[in-house]
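Let me begin by presenting the structure, written as structure tokens, before commenting on it.
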Amino acid sequence: MSTTHSAETLNGSVISYAIWADDGRRLAEFYAAALGSDVGQPYPDEHGNDVAYPVTVGNTAYIFSTSASFTAPDWPGQDLPFHMDLAFPDVAAAEKRLLELGANKPDFQPGGEHWTVLLDPSGQPVCISQAQPS
């Protein structure tokens with residue numbers, strides 16, 4: 001016996017990404033600088049303490065939240081739930097600036113000439129590559 005369901009197709013859109021770290025403000029400041037944006041008005045927790053820091057790029061918000069229980073992934077030995085890929089017109093200059101902002105460059109670089117892996121200030125991988133001409 002076959003049951004047919006008439007389901008509406010959903011047409012949602014992503015409006016924000018939530019990213020946890022040991023220091024949400026520091027991570028928000030890092031990505032705001034990387035993305036040419038600013039850190040917005042923080043969101044408080046139920047006790048009034050600022051714990052989440054938005055960075056808006058275009059129509060998308062990245063919310064960097066402080067978590068006391070956050071542990072950086074053991075990359076590359078551990079699978080990642082997600083990571084960011086960022087593209088820059090001048091990758092060498094971007095790498096230099098991101099390192100100045102608190103990123104680290106691990107020895108393991110699986111991208112060859114295609115991308116470079118950095119670890120952001122929270123220890124989470126972020127890949128940087130050459131921006132494609134528009």
Side-chain angles (χ1 to χ4, degrees):
M1 175 180 246
S2 171
T3 305
T4 306
H5 294 282
S6 173
E8 273 188 54
T9 301
L10 297 176
N11 190 18
S13 60
V14 176
I15 58 169
S16 70
Y17 297 91
I19 301 161
W20 278 259
D22 56 347
D23 185 340
R25 177 184 291 281
R26 181 174 181 218
L27 199 58
E29 290 170 351
F30 174 84
Y31 281 103
L35 299 170
S37 189
D38 296 306
V39 178
Q41 183 67 33
Y43 300 112
D45 64 10
E46 64 277 8
H47 306 291
N49 301 311
D50 291 342
V51 295
Y53 305 87
V55 173
T56 302
V57 179
N59 293 325
T60 304
Y62 300 87
I63 312 298
F64 298 93
S65 298
T66 300
S67 170
S69 64
F70 174 79
T71 303
D74 179 20
W75 183 84
Q78 191 177 39
D79 288 336
L80 301 174
F82 77 94
H83 75 279
M84 282 201 217
D85 293 319
L86 304 179
F88 297 93
D90 184 340
V91 178
E95 179 179 330
K96 180 178 187 255
R97 181 66 181 128
L98 293 172
L99 292 170
E100 292 170 353
L101 291 167
N104 292 298
K105 186 175 180 179
D107 292 334
F108 181 58
Q109 291 294 323
E113 298 295 316
H114 303 288
W115 70 84
T116 300
V117 179
L118 300 178
L119 301 178
D120 71 21
S122 72
Q124 299 180 80
V126 56
C127 296
I128 61 171
S129 62
Q130 181 68 46
Q132 298 301 313
S134 36

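Hydrogens, waters and symmetry mates play no part in the numbers below; they use all other heavy atoms, side chains included. Count residues from 1 along the sequence.
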Salt-bridge criterion met for Glu100 and Arg97 (N-O under 4.0 Å): yes
For Ile128 and Leu118: C-alpha separation, side-chain torsions, deciding distance, then whether side chain to side chain contact (heavy atoms under 4.5 Å, CB included) applies. CA-CA 8 Å; Ile128 61 171; Leu118 300 178; 4.0 Å; yes
Reported [atom1]-to-[atom2] distance for the pair [X] and [Y], which is rounded to 0.5 angstrom:
| X | Y | atom1 | atom2 | result |
| --- | --- | --- | --- | --- |
| Ser67 | Asp23 | OG | CG | 11.5 Å |
| Leu35 | Asp38 | CG | CG | 11.5 Å |
| Thr116 | Leu86 | OG1 | CG | 12.0 Å |

Shortest non-hydrogen contact between [X] and [Y], atoms and distance:
| X | Y | answer |
| --- | --- | --- |
| Pro73 | Pro125 | CG-CD, 4.1 Å |
| Pro42 | Asp50 | CG-OD2, 3.3 Å |
| Gln109 | Trp115 | OE1-O, 4.4 Å |
| Phe30 | Leu98 | CE1-O, 3.5 Å |
| Pro89 | Gln130 | O-NE2, 2.8 Å |
| Ala94 | Phe88 | CB-CG, 3.3 Å |

Proximity of Tyr31 and Tyr62 rings by center, below 6.0 Å: no
Looking at Phe108 versus Trp75, is the centre-to-centre ring distance below 6.0 Å? yes
Write out all pairs satisfying salt bridge (Lys or Arg N to Asp or Glu O under 4.0 Å) with one or both partners inside residues 63-85, taking only residues at least two apart or from two chains. none
Hydrophobic clusters join Ile, Leu, Val, Met, Phe, Trp and Tyr when side-chain heavy atoms are under 4.5 Å apart, directly or via other members; which others share one with Val51? none
Please identify which of these residues, Thr66, Asp120, Asp22, Val55, meets the side-chain contact (heavy atoms from CB on, under 4.5 Å) condition with Leu27. Asp120
Run the side chain to side chain contact (heavy atoms under 4.5 Å, CB included) check on Thr60 and Ile15 step by step: do they pass? CA-CA 5 Å; Thr60 304; Ile15 58 169; over 6 Å; no
Please determine whether residues [X] and [Y] belong to a single hydrophobic cluster, defined as Ile, Leu, Val, Met, Phe, Trp and Tyr linked transitively by side-chain heavy-atom distances below 4.5 Å.
| X | Y | value |
| --- | --- | --- |
| Tyr17 | Trp20 | no |
| Val39 | Ile63 | no |
| Tyr43 | Val57 | no |

List the steps and the verdict of side chain to side chain contact (heavy atoms under 4.5 Å, CB included) for Ile19 and Met84. CA-CA 10 Å; Ile19 301 161; Met84 282 201 217; 3.2 Å; yes
Checking Ser129 now: which residues fulfil side chain to side chain donor-acceptor pair (under 3.5 Å) with it, not counting sequence neighbours? none
Test item: Pro54 and Gln41 side chains (from C-beta on) under 4.5 Å apart, heavy atoms: no
Passes side chain to side chain contact (heavy atoms under 4.5 Å, CB included), Leu119 versus Val126? Steps please. CA-CA 6 Å; Leu119 301 178; Val126 56; over 6 Å; no
Does CD in Glu113 sit with more than 12 non-hydrogen atoms of other residues, nucleotides or ligands closer than 6.0 Å? no
Side-chain (Gln124) to main-chain (Ala21) donor-acceptor, under 3.5 angstrom: no
